[in-house]
Amino acid sequence: MNRSLRTVLAAGLTLTALAAPSAASASAQYGIDVKTYKIPYLQYPETGKARAQLRNITVTWRRDRSEGRTWVTVTGQLRDSGPGDGHCARMRLSSDIKLPNKSTVTTECNGVWRTRTLAMEPARELVVPLDLYTSPNADDWTDRPLVSPWRGM
């Protein structure tokens, strides 16, 4: 390829890259705000031998200003302590601290790190509890409240 053709192609690619909006600016352009943060690790129970583990957790809050909606997506790697204990590792998001029955749950039962994703639209308080536990009838779990960055706005 001759030198002038390479120069023209490089200039064209540079101008295209500069003209293309980023995903964040495209979202903001359409009235959707996005905030993301990480949680390195959670385990259940919080001390002692882990029966359920969650690592590399990414929490992404989105707010649609035009519709007045807010929702959260949580992605992480979930692992059970292994088969044979009669329980699975469970990750749950609840729409309200007071109403854990309005929730979405995912499980892992084989002692292998599996990527799992849950999404939830919170209730009025804009707080979504992230719970990690094993028994389906659990009254004990590791809890991390996820608070909307737009709470109180």
Side-chain angles (χ1 to χ4, degrees), residues 13-14 16-153:
L13 290 173
T14 302
T16 302
L18 291 174
S22 68
S25 65
S27 293
Q29 178 182 357
Y30 294 106
I32 297 177
D33 299 317
V34 179
K35 302 266 184 168
T36 299
Y37 63 91
K38 306 254 184 211
I39 301 171
Y41 180 81
L42 293 174
Q43 79 171 38
Y44 170 79
E46 290 186 66
T47 59
K49 182 183 182 314
R51 293 175 36 208
Q53 298 169 294
L54 188 60
R55 70 179 184 186
N56 301 326
I57 308 153
T58 301
V59 179
T60 303
W61 283 92
R62 289 179 176 82
R63 175 177 67 172
D64 184 332
R65 292 188 310 266
S66 64
E67 294 184 14
R69 291 183 52 226
T70 302
W71 65 99
V72 64
T73 303
V74 177
T75 300
Q77 294 176 313
L78 181 64
R79 182 173 78 171
D80 184 53
S81 59
D85 67 355
H87 297 290
C88 296
R90 299 169 193 279
M91 176 174 88
R92 172 178 65 197
L93 289 180
S94 301
S95 65
D96 192 326
I97 292 173
K98 300 173 192 116
L99 299 169
N101 58 338
K102 292 189 176 191
S103 62
T104 181
V105 177
T106 187
T107 63
E108 196 292 308
C109 303
N110 298 315
V112 179
W113 291 108
R114 301 274 187 211
T115 300
R116 300 288 194 243
T117 301
L118 295 175
M120 177 67 61
E121 191 167 343
R124 291 184 313 233
E125 291 83 15
L126 296 178
V127 177
V128 172
L130 168 60
D131 302 324
L132 188 62
Y133 61 104
T134 56
S135 175
N137 300 317
D139 59 356
D140 182 34
W141 52 78
T142 297
D143 176 65
R144 176 68 57 97
L146 307 175
V147 180
S148 166
W150 303 288
R151 185 176 185 196
M153 295 180 123

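Remember, predicted model here, so these are calculated numbers, not experimental data.
Shortest non-hydrogen contact noted between Trp61 and Ser148 is CZ2-N, 3.4 Å. Across all non-hydrogen atoms, the minimal contact from Ala52 to Ala89 is CB-CB, 3.6 Å.
Rounded to the nearest 0.5 Å, atoms CG (Asn56) and NZ (Lys38) are 8.0 Å apart. Rounded to the nearest 0.5 angstrom, Ser103 OG and Met120 CE are separated by 6.0 Å. In this structure, the separation between CZ on Arg62 and CZ on Arg69 is 11.5 Å, given to the nearest 0.5 Å. Atoms CD1 and CD, from Ile57 and Gln77 in turn, are 10.0 Å apart once rounded to the nearest 0.5 Å. Note that the OG1 atom of Thr70 and the CZ atom of Arg151 stand 12.5 Å from one another [nearest 0.5 Å].
With a 4.5 Å cut-off on side-chain heavy atoms, Arg90 and Trp141 do not count as touching. In this structure the side chain of Leu93 reaches within 4.5 angstrom of the side chain of Leu146, judged on heavy atoms.
Checked by atom type, the side-chain pair Arg51/Thr134 shows a donor-acceptor distance below 3.5 Å. A donor-acceptor contact closer than 3.5 angstrom links the side chains of Thr75 and Thr117.
The only option from Asp140, Thr142, Asp131 that meets the side chain to side chain donor-acceptor pair (under 3.5 Å) definition with Tyr44 turns out to be Asp140. The side-chain contact (heavy atoms from CB on, under 4.5 Å) with Trp71 is formed by just one residue from the set Thr60, Asp64, Val128; it is Asp64.
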| task | Could you please spell out the steps behind the side-chain contact (heavy atoms from CB on, under 4.5 Å) verdict for Leu130 and Leu54? | result | CA-CA 11 Å; Leu130 168 60; Leu54 188 60; 4.3 Å; yes
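Although no hydrogens or angles enter the test, the distance criterion places no donor-acceptor pair under 3.5 Å between the side chain of Ser95 and the main chain of Ala123. With Arg79 contributing its side chain and Val112 its backbone, the two residues share no donor-acceptor pair below 3.5 Å.
The side chain to side chain donor-acceptor pair (under 3.5 Å) pairs that include a residue from residues 105-114 are Thr106-Arg116, where partners are two or more places apart or lie in different chains.
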